[in-house]
Structure formats: C-alpha cells, structure tokens
Amino acid sequence: MIDNFAKENLHGRLRRDREALLWKLDGLSEYDARRPLTATGTNLLGLVKHVATVEARYFGEVFHRPSPEPLPRWQDADGSDQWAAEDETCDRIVGFYRRTWEHSDATIDELPLDAPGHVPWWREPYTDTNLFAVLVHVLGETVRHTGHADILREGLDGRTGLRPEHEQRIDEEARAAYRAKIERAARAAAPIKA
C-alpha cells in the first residue's frame, strides 16, 4: 500500500516539475531560450536538454530499457547536453524531453519500486540500486534545475512561479520596494566599510 502511494506521489511531483521546467521557455525567442545567462554558460534550453538526457539515462539504461532517443555513451559525456547547438531548435529539444517522459513514465508505471537497477556512473557501493532511489534522484535533479530555470527566467524578464495559473502580473514598483527593503536589512546586518 505505501509503495503505491510513494510511487504515485513521487511520479506526480516529477510530472509537475517537468511541466514547470518547460514553462520557463514559454514565450521566449530562440536566442533568449539558449543564450548563456551565467558566467558558466547556464541557459534555459540547455537545462531542459540536460534534464531530458538525465531522465532518459536513468529510466532507460539503468533498467535495461534503452531510450528510443539517440544518446551518446555516458562515458563520452562532454557537457554538450547542457546547451543547444545551432541546429537544435527549442521545439526539437522540447520534443525530445516530451518523448523521454513517455519512455520514463512507461518504466515507472511498469516496474515496482524495488525493481533492481544498475547505475555504472555512480561509485561503489552505490551502483546497484532500485527504482525508488532512481525516482528520488531524478526528481531531485529536476527540482534543482527547475529552480535554476526559475531564477534565470526572472533575470530575463521578471517572470516567476511554478505554473502559469499561479503567475501574477509583475508590479515593478512593488518589486523594487520589496528588494530595497531586503537590501536595507542586509546593509544593516553587515555595514559596508569605507
């Protein structure tokens, strides 16, 4: 009984956060979706591509259910899953992510939580694992990168939130006042020395 509850709850949260991650691309140009927004090159479309690749590997290779999507060998990982090449459109990467969901969802639906899996890129003694641990791991990765995407999107145009139905109209004046309040508290706690 608890296994079914846990599986449904974790899977439901994964589905929710997948949609939230994709929503961060909503209304962006190809350029804004893919341009580097941090010193290390982190970008919104790259986050989607990375999370899609992570999910394809964990719910595919780990359970001997290879992804139908072409993936480079994990041993050859070179960081190219974290940004979009010129020929990789937003639609193409979003499509890859959505097809990955279908494959991942089938793995999650068909296997019990204690189904054994093997993660060769984890260090011993953790390489042998199960669906529960992988589901928690992938959910954590998705949540982490959706948080990154939320901050990046806020920096682009001020949009924030988990889902479109919770988005509020941006009140620049209220935001500026709130930020100023936080700045005053920070300065009061740690005065800047001349």
Side-chain angles (χ1 to χ4, degrees), residues 9-62 67 69 71-72 74 76-105 108 119 121-122 133-172 175-176 178-179 182-183 186:
N9 191 285
L10 292 170
H11 197 183
R13 288 176 182 272
L14 178 61
R15 286 181 171 125
R16 177 198 68 189
D17 292 328
R18 287 168 173 164
E19 292 289 349
L21 179 57
L22 284 187
W23 180 53
K24 298 304 168 185
L25 297 174
D26 185 51
L28 292 179
S29 66
E30 281 285 339
Y31 174 72
D32 282 339
R34 65 181 57 237
R35 70 182 170 120
L37 297 169
T38 69
T40 59
T42 305
N43 61 90
L44 289 162
L45 192 55
L47 288 171
V48 172
K49 183 179 175 185
H50 173 68
V51 171
T53 303
V54 165
E55 191 168 318
R57 289 203 189 291
Y58 276 99
F59 293 117
E61 296 170 40
V62 168
S67 170
E69 298 290 324
L71 297 172
W74 65 267
D76 299 333
D78 61 0
S80 62
D81 70 323
Q82 296 183 11
W83 58 281
E86 292 174 27
D87 64 333
E88 294 177 307
T89 65
C90 192
D91 287 344
R92 179 174 163 190
I93 290 173
V94 168
F96 164 51
Y97 193 24
R98 289 191 181 280
R99 289 186 304 277
T100 295
W101 296 358
E102 292 175 18
H103 186 260
S104 298
D105 288 348
I108 295 165
V119 187
W121 51 89
W122 286 0
V134 167
L135 189 50
V136 169
H137 179 80
V138 171
L139 178 59
E141 283 283 310
T142 305
V143 168
R144 177 175 178 247
H145 293 309
T146 300
H148 293 146
D150 196 34
I151 291 169
L152 293 177
R153 183 63 191 254
E154 181 179 352
L156 273 175
D157 62 9
R159 288 181 69 181
T160 63
L162 181 63
R163 293 188 290 277
E165 62 269 21
H166 296 283
E167 187 175 23
Q168 297 178 2
R169 192 170 160 268
I170 298 170
D171 180 341
E172 296 293 344
R175 275 193 180 174
Y178 184 71
R179 187 182 187 290
I182 296 168
E183 179 67 28

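- With a 4.5 Å cut-off on side-chain heavy atoms, E61 and L71 count as touching.
- The shortest distance between side-chain heavy atoms of L156 and L44 falls below 4.5 Å.
- Remark: V54 engages H50, Y58, E141 in a side chain to side chain contact (heavy atoms under 4.5 Å, CB included) (not counting sequence neighbours).
- How far CZ of R144 is from CG of L21: 13.0 Å, rounded to the nearest 0.5 Å.
- When the salt bridge (Lys or Arg N to Asp or Glu O under 4.0 Å) test is applied to D32, the partners found at least two apart in sequence or on another chain are R35.
- Atom OH of residue Y97 and atom CG of residue L47 lie 10.5 Å apart, to the nearest 0.5 angstrom.
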Kindly determine whether L28 and R34 satisfy side-chain contact (heavy atoms from CB on, under 4.5 Å), including the steps that lead there.
CA-CA 9 Å; L28 292 179; R34 65 181 57 237; over 6 Å; no
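- Separating the OG1 atom in T142 from the CG atom in D17 is a distance of 7.0 Å, to the nearest 0.5 Å.
- Here the side chain of E88 pairs a donor or acceptor atom with the backbone of A85 at under 3.5 angstrom.
- A salt bridge does not link K24 to E154: none of the charged nitrogens lies less than 4.0 Å from a carboxylate oxygen.
- Of all heavy-atom pairs between L25 and C90, the closest is CD1-SG, 3.9 Å.
- Between D26 and R153, none of the side-chain N atoms (NZ, or NE/NH1/NH2) sits under 4.0 Å from a carboxylate O, so this pair counts as no salt bridge.
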Using the rule given for side-chain contact (heavy atoms from CB on, under 4.5 Å), can you reason through R175 versus T160, listing the C-alpha separation, both sets of side-chain angles and the distance that settles it, and then say yes or no?
CA-CA 12 Å; R175 275 193 180 174; T160 63; 3.8 Å; yes
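- Considering every non-hydrogen atom in both R57 and W121, the closest pair reads CB-CH2, 3.8 Å.
- For the residue pair E55 and S104, a side-chain donor N or O sits within less than 3.5 Å of a side-chain acceptor on the partner.
- Contact record, A56 with T100: N-CG2, 3.5 Å, taken as the closest heavy-atom pair.
- Other residues, nucleotides and ligands contribute over 12 non-hydrogen atoms within 6.0 Å of the CD atom of E183.
- To the nearest 0.5 Å, atoms CD1 (I151) and OG1 (T38) are separated by 11.5 Å.
- No side-chain heavy atom of W101 sits under 4.5 Å from any side-chain heavy atom of R15.
- D105 CG to H11 NE2: the interatomic distance, rounded to the nearest 0.5 Å, is 3.5 Å.
- Ring planes of H145 and H148: tilted class, angle from 30 to 60°.
- E172 is linked by a side chain to side chain contact (heavy atoms under 4.5 Å, CB included) to I170, counting only residues two or more places apart in sequence or in another chain.
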List the steps and the verdict of side-chain contact (heavy atoms from CB on, under 4.5 Å) for R92 and D87.
CA-CA 9 Å; R92 179 174 163 190; D87 64 333; 3.6 Å; yes
Quick one: do T53 and F96 satisfy side-chain contact (heavy atoms from CB on, under 4.5 Å)? Show the steps, please.
CA-CA 9 Å; T53 303; F96 164 51; 3.7 Å; yes
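- The shortest non-hydrogen separation linking V48 to L22 is CG1-CD2, 3.8 Å.
- The two residues L14 and I108 make their nearest non-hydrogen contact at CD2-CD1, 4.1 Å.
- The line from NZ of K49 to CH2 of W83 is 7.0 Å long, rounded to the nearest 0.5 Å.
- In this structure, a donor-acceptor pair under 3.5 Å is absent between the side chains of T89 and D91.
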